[in-house]
There are 2 protein chains.
Amino acid sequence: MARVPGDEEASRPPAAPRADRAASADSFSKRHSAQSGRTGRRAGDSGSRRAILDAARNQFAERGYAGATIRGIAREARVDPALVHHFFVSKQGVFSAAIRQVLDVVEAEMASTEVESDNAGEQVVRLFLQLWENPTTGRPLLGVLRSAVSHEESGQLLREFVSGEILGRVLGKSPQIIDDDTRAALVGSQLVGLAMLRYIVQVEPLCQLPPEEIVRRVGPVVQYYVTGQLTAESG
Amino acid sequence: MARVPGDEEASRPPAAPRADRAASADSFSKRHSAQSGRTGRRAGDSGSRRAILDAARNQFAERGYAGATIRGIAREARVDPALVHHFFVSKQGVFSAAIRQVLDVVEAEMASTEVESDNAGEQVVRLFLQLWENPTTGRPLLGVLRSAVSHEESGQLLREFVSGEILGRVLGKSPQIIDDDTRAALVGSQLVGLAMLRYIVQVEPLCQLPPEEIVRRVGPVVQYYVTGQLTAESG
DNA sequence: CGCACATTTCATGACGTGATGAATTCTACG
DNA sequence: CGTAGAATTCATCACGTCATGAAATGTGCG
């Protein structure tokens, strides 16, 4: 049990082939545990790569970038930690691979949803909530938001979302000529705050409210930021 | 240099008094470096305890609970890491001590500021921004928010702020009988989102805007959540 | 002075982390 | 068949983390 890094005595040559190792008592918990000896490649399509990505999304979503560990991801994927490095090189590599792919889906989703300028507010909030409620997109988003507070690349992604996606998609429909970037940032602040309190900090009344109720209450605020009025037909 | 935990040979009795150690080449960077030999107490009021608390606030503010380390705090305070443990027992202990004290100031500040019900929106946003702009209160708040995404106690503090402080102080002035907790949570979501984008993620137009500009733009939204109308004199 | 106590540092333990390199097994292509 | 390469695991390394216990040095009280 005692790990002695500097032990020079009894250092068996690492090149010695070993075939005498018995099952290490927890090998049953690994993928393809039933058959297959130990170290080499498995037969057929093991799906390990995908399993790692799924596990990574979960871990990053629940613990954020700093809190997630390669060992934890490997454990959840029932795979050796070194395999994670083999496929994705580094921790940053797993993160990028796990997040980026789904971010494209999010972007496409937003692109395919037409936002009418006359009640953009409610539509934007509805779309935002749909993305968060759907686990496929929601968990990676959770990962980005959880990581954004201390991981620079995640912060950058969030910045790009606010400055790029919101400004382009939402405000592009109702251009105000001036102040567009500020309006986009204010919309972003309301949306990010909503996600923080509903999905991360879990403030009580908020995380129980049905999505449509939130749409009804927050929609006008987004509308106000975009057009300067509470609803389209007021005034 | 090589650290050998299991080294049993050459283990000099730990009780042996040592007076032959020369200055370890970086001892100048410690507090009271000029005078004083090495290990014991320093003369006069060293202020180490306060230095540790200050350093802790900085570290937690910049890296969050998980990212901050006792060694990092000790380094910034120019103190041995063990001293941090001596004063505050554990990492959680430093965090609590560093944060709690200032949170009382925040609470008192909020209690002493009267919120008139007729333009509560702008007043609340102004007070919120004042707390964040002032480093004395702002940096601990940064620490709480940065930690809230992954540290349970910080999340709890944030929940209590939204469910307690906002509901009691802001909505207490303009009671709506029904839905108070939901209104408080919505106000909280806007404020938390604002802090996230302005002070943590640093979205461009937002963190340059003068506070009063933000008050003017976000105030009506808070007012809307509280009273259901954009301004007091509309309608 | 002498003794209890607070403050300070050192040495070390026990453990977790990301990363690397070699060994082994399987697949695919010639 | 033979062999290049992909997939998988093991054994470590080097380091950083929180935490503890003991030793050394100061202060203050009787």
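A, B, ... follow the sequence lines: proteins, then strands. Residue 1 opens every chain.
Looking at residues 146-156 of chain B, you'll see that no heavy atom sits under 4.0 Å from any atom of DNA chain C.
At whole-Å resolution of the value, CZ in Arg50(A) and C1' in dA7(D) are 17 Å apart. Distance CZ (Arg78(A)) to C1' (dT9(D)): 16 Å, rounded to an integer number of Å. Rounded to an integer number of Å, the gap from CG of Leu83(A) to C1' of dA7(D) is 7 Å. Rounded to whole Å, the distance from CD1 on Ile52(A) to P on dG18(C) is 14 Å. Atom CD of Gln59(A) is separated from atom P of dG18(C) by 11 Å (rounded to the nearest Å). When the P atom of dT25(D) is taken as reference, atom CG of Asp80(B) falls 15 Å away, rounded to whole Å.
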Measure all distances between protein nitrogen or oxygen atoms and nitrogen or oxygen atoms of nucleotides 18-21 of chain D, and list the pairs falling under 3.5 Å.
{"residue": "dC18(D)", "atom": "OP1", "partner": "Ile70(B)", "partner atom": "N", "Å": "3.2"}
{"residue": "dC18(D)", "atom": "OP2", "partner": "Ile70(B)", "partner atom": "N", "Å": "3.1"}
{"residue": "dC18(D)", "atom": "N4", "partner": "Arg71(B)", "partner atom": "NH1", "Å": "3.0"}
{"residue": "dA19(D)", "atom": "OP2", "partner": "His85(B)", "partner atom": "NE2", "Å": "3.0"}
{"residue": "dA19(D)", "atom": "OP2", "partner": "Lys91(B)", "partner atom": "N", "Å": "2.9"}

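Checked against dA7(D), dT7(C), dT9(D), the side chain of Phe87(B) finds its nearest nucleotide in dT7(C).
Contact record, Thr137(A) with Val102(A): CA-CG1, 3.9 Å, taken as the closest heavy-atom pair. The two residues Ala56(B) and Val94(B) come nearest to each other via the heavy atoms CB-CG1, 3.8 Å.
Under 4.0 angstrom from either OP1 or OP2 of dT8(D) there lies no side-chain N or O belonging to His86(A).
The residues Glu62(B) and Arg146(B) are annotated as not salt-bridged, no charged nitrogen and carboxylate oxygen being separated by less than 4.0 angstrom. The pair Glu204(A)-Arg198(A) fails the salt-bridge criterion, with no side-chain N (NZ, NE, NH1 or NH2) lying under 4.0 Å from an Asp/Glu carboxylate O.
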Salt bridge (Lys or Arg N to Asp or Glu O under 4.0 Å) for Arg57(B) and Glu76(B)? Distances and angles first, verdict last.
CA-CA 11 Å; Arg57(B) 275 189 278 272; Glu76(B) 181 175 332; over 6 Å; no

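The aromatic rings of Tyr65(A) and His151(A) sit parallel to each other, their planes meeting at less than 30°, with 60° as the upper class boundary. Taking the six-membered ring for Trp and thresholds of 30 and 60 degrees, Phe60(B) and Phe95(B) have ring planes more than 60 degrees apart, a perpendicular arrangement.
Residue Arg126(A) qualifies as enclosed at atom CZ: its count of foreign heavy atoms under 6.0 Å is above 12.
Between Trp132(A) and the choices Leu127(A), Leu194(A), Leu141(A), the side-chain contact (heavy atoms from CB on, under 4.5 Å) rule is met once, by Leu141(A).
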